[in-house]
**Student:** 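One structure is given below, represented as structure tokens, and several questions about it will come after.
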Amino acid sequence: MAKKHHKNCCSAIRSEIDQSKGKLSIQKLNKLEKESNKDTMSYIPGGEFLMGGSDDEGFKEDGEQPIRKIKVPPFYIDKTTVTNRQFLQFVKETGYTTEAEQYGWSFVFSSFVSPSAQHKIIQTVESTPWWVAMQGAYWKKPEGIHSHIKNRLDHPVVHISWNDAMAFCEWSGKRLPTEAEWEFAARGGLIQKKYPWGDELKPNGQHHCNIWQGQFPLVNTNEDGYIGTAPAKSFPPNGYNLYNVSGNVWEWCSDWFSMDTYLKMKNKNNPLGPKNGTTKVMRGGSYLCHKSYCNRYRVAARSSNTPDSSSGNIGFRCVADC
């Protein structure tokens, strides 16, 4: 199948949907102690690396090129994306209400909506009809009011906007990674490899990430073991002991997005991205990515979304300064 390009194939933008719906709220719960960082983060030594990519599977429209020699200082990064369990602790301590709850809806992949919940669909995204605005969908009820996370506490939290991720970071004493930090860490010490583990998608026939298998968006054969999210610590980690930096869920970065970021990048020492913009960088791809449509589970791949947008395949991981 020929490769197609669509900016929002693996995510959807909140502004595409009518904003006039009701809001949800979550009850403030008792305080819990913050989780220790001791065993949850990896030390990244920093240094120079080749950022970006040039292979023919890339999307030039996303600004993956040209390859740049970039330097980042040492830092710490979460070994996994933030999980439902961790986000639950944050909400219990702070009473935080996510933007999906405030809006009263979030984007859900259409095939995940049960027949009994079809009436809760507010609207379908015309350009990407597999995304529906689902009333009552938020991090604790990922597919709407009839769903729950009781058996997914070790899965990545989803339906998290960039603003929500920033609130969690403030509470935890961490921050979001810059795009350069994210890519340096995701490469795991390898030089210009397509994936965090090398150039072959399935080394020795083994799956190393959670992406779509089959015909997108109609048939997912579940060959990697997961239709939706996988536990945050799934598949072999990369060289820096980081899990699922390819596939599973998109990960927010701190940078504003620009298609010509690399072309205009003057500071090659710990770049922070453009000074302003309309969307924020997302990296890593998700369980909905497929080579025929959204081949963005490669390390160099980029995407973005507005800071208030959320969906069932967007999460985040945090970093901390040394």
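Quick caveat, the model's predicted, so the values are computed rather than measured. Values below: all heavy atoms of this structure, side chains included; hydrogens, waters and symmetry mates excluded.
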**Student:** Is there a side chain to side chain donor-acceptor pair (under 3.5 Å) between Ser311 and Asn313 once you walk through the steps?
**Tutor:** CA-CA 5 Å; Ser311 67; Asn313 68 339; 2.6 Å; yes
**Student:** Under the salt bridge (charged side-chain N to carboxylate O under 4.0 Å, His left out) rule, collect the residues that match up with Lys141, sequence neighbours excluded.
**Tutor:** none
**Student:** Can you find a pair of side-chain heavy atoms, one from Ile314 and one from His159, that are under 4.5 Å apart?
**Tutor:** no
**Student:** Rounded to the nearest 0.5 Å, how far does CG of Leu190 lie from CZ of Phe49?
**Tutor:** 13.0 Å
**Student:** When you measure from the side chain of Glu251 to the backbone of Thr81, do you find a donor-acceptor pair of N or O atoms at a distance under 3.5 Å?
**Tutor:** no
**Student:** Got a sec, which residues hit salt bridge (charged side-chain N to carboxylate O under 4.0 Å, His left out) with Arg283, two or more places apart in sequence or on another chain?
**Tutor:** Glu179, Glu183
**Student:** Is there a path of hydrophobic side-chain contacts, each under 4.5 Å between heavy atoms, that joins Phe109 and Phe107?
**Tutor:** yes
**Student:** Quick one: CE on Met282 to CH2 on Trp162, what's the gap to the nearest 0.5 Å?
**Tutor:** 14.0 Å
**Student:** Looking at CD of Glu143 and NE2 of His148, how far apart are the two atoms once the value is rounded to the nearest 0.5 Å?
**Tutor:** 9.5 Å
**Student:** With Lys120, which residues qualify under salt bridge (charged side-chain N to carboxylate O under 4.0 Å, His left out), at least two apart?
**Tutor:** none
**Student:** Is the shortest distance from a Lys or Arg side-chain nitrogen in Asp39 or Lys79 to a carboxylate oxygen in the other one below 4.0 Å?
**Tutor:** no
**Student:** Hydrophobic cluster membership, with links at side-chain heavy-atom distances under 4.5 Å among I/L/V/M/F/W/Y: are Leu176 and Val72 in one?
**Tutor:** no
**Student:** Give a yes or no on whether the backbone of Gly273 and the side-chain of Asn267 come within a donor-acceptor separation of less than 3.5 Å.
**Tutor:** no
**Student:** For Gln86, does its backbone N or O pair with a side-chain atom of Thr83 as donor and acceptor, under 3.5 Å?
**Tutor:** yes
**Student:** Other members of the hydrophobic cluster containing Tyr195, with the 4.5 Å side-chain heavy-atom rule, please.
**Tutor:** Trp197, Leu201, Ile211, Tyr297
**Student:** Look only at the side chain of Asn238 and the backbone of Ala186, and say whether a donor-acceptor pair between them is shorter than 3.5 Å.
**Tutor:** yes
**Student:** Following the transitive rule for hydrophobic clusters with a side-chain heavy-atom cut-off under 4.5 Å over Ile, Leu, Val, Met, Phe, Trp and Tyr, establish whether Met41 and Tyr240 coincide in one cluster.
**Tutor:** no
**Student:** Pairing donors with acceptors under 3.5 angstrom, does anything connect the side chains of Ser106 and Ser310?
**Tutor:** yes
**Student:** Is the side chain of Gln192 donor-acceptor paired with the backbone N or O of Met51 at a distance under 3.5 Å, no angle test?
**Tutor:** no
**Student:** Testing the 3.5 Å rule here: is there a donor-acceptor pair between the side chains of Asp78 and Thr80?
**Tutor:** no
**Student:** Among Ser309, Ser303, Pro307, find the one that has a side-chain contact (heavy atoms from CB on, under 4.5 Å) with Asn305.
**Tutor:** Ser309
**Student:** Are a donor atom and an acceptor atom from the side chains of Tyr287 and Asn220 found within less than 3.5 Å of each other?
**Tutor:** no
**Student:** Any side-chain heavy atom of Ile160 within less than 4.5 Å of one from Phe87?
**Tutor:** yes
**Student:** To the closest 0.5 Å, what do you measure between CD (Glu223) and NE2 (His207)?
**Tutor:** 5.0 Å
**Student:** Side chains of Pro66 and Leu263, heavy atoms from C-beta outward: is any pair under 4.5 Å?
**Tutor:** yes
**Student:** Give a yes or no on whether the backbone of Glu57 and the side-chain of Asp55 come within a donor-acceptor separation of less than 3.5 Å.
**Tutor:** yes
**Student:** For Asp308 and Tyr103, test the side chains for any donor-to-acceptor distance below 3.5 angstrom and give the result as yes or no.
**Tutor:** yes
**Student:** With hydrophobic residues grouped by side-chain heavy-atom distances under 4.5 Å, do Val125 and Val132 end up in a single group?
**Tutor:** yes
**Student:** Tell me if a side-chain donor or acceptor on Glu101 pairs with a main-chain N or O of Thr98 at a distance below 3.5 Å.
**Tutor:** yes
**Student:** Does any non-hydrogen side-chain atom of Leu288 lie less than 4.5 Å from one of Cys294?
**Tutor:** no
**Student:** Have Asp224 and Gln213 got a donor and an acceptor in their side chains that come within less than 3.5 Å?
**Tutor:** yes
**Student:** Before we go on, tell me: are the rings of Tyr293 and Trp212 under 6.0 Å apart, centre to centre?
**Tutor:** no
**Student:** Examine the side chains of Ser114 and His146 and answer whether a donor and an acceptor come within less than 3.5 Å of each other.
**Tutor:** no
**Student:** So, does Glu64 use its side chain to make a donor-acceptor pair with the main chain of Gly53 at under 3.5 Å?
**Tutor:** no
**Student:** Following the transitive rule for hydrophobic clusters with a side-chain heavy-atom cut-off under 4.5 Å over Ile, Leu, Val, Met, Phe, Trp and Tyr, establish whether Ile77 and Val157 coincide in one cluster.
**Tutor:** no
**Student:** Does the structure place the NZ or CZ of Lys280 under 6.0 Å from the centre of the six-membered ring of Trp256, at an angle of no more than 45° from the ring's axis?
**Tutor:** yes
**Student:** In a check of salt bridge (charged side-chain N to carboxylate O under 4.0 Å, His left out) between Asp199 and each of Lys193, Lys194, Arg298, which one passes?
**Tutor:** Lys193
**Student:** Would you confirm whether Trp171, through its side chain, and Tyr96, through its main-chain N or O, come within 3.5 Å as a donor-acceptor pair?
**Tutor:** no
**Student:** Please check this pair: side chain of Arg175 against backbone of Cys169, looking for a donor-acceptor N/O pair closer than 3.5 Å.
**Tutor:** no
**Student:** Apply the hydrophobic cluster definition, ILVMFWY joined by side-chain contacts under 4.5 Å directly or through others, and give me every member besides Phe235.
**Tutor:** Tyr226
**Student:** Got a salt bridge between Glu61 and Arg302, using NZ or NE/NH1/NH2 to carboxylate O under 4.0 Å?
**Tutor:** no
**Student:** Test of understanding: with salt bridge (charged side-chain N to carboxylate O under 4.0 Å, His left out), list the residues that count as partners of Glu99, not counting sequence neighbours.
**Tutor:** none
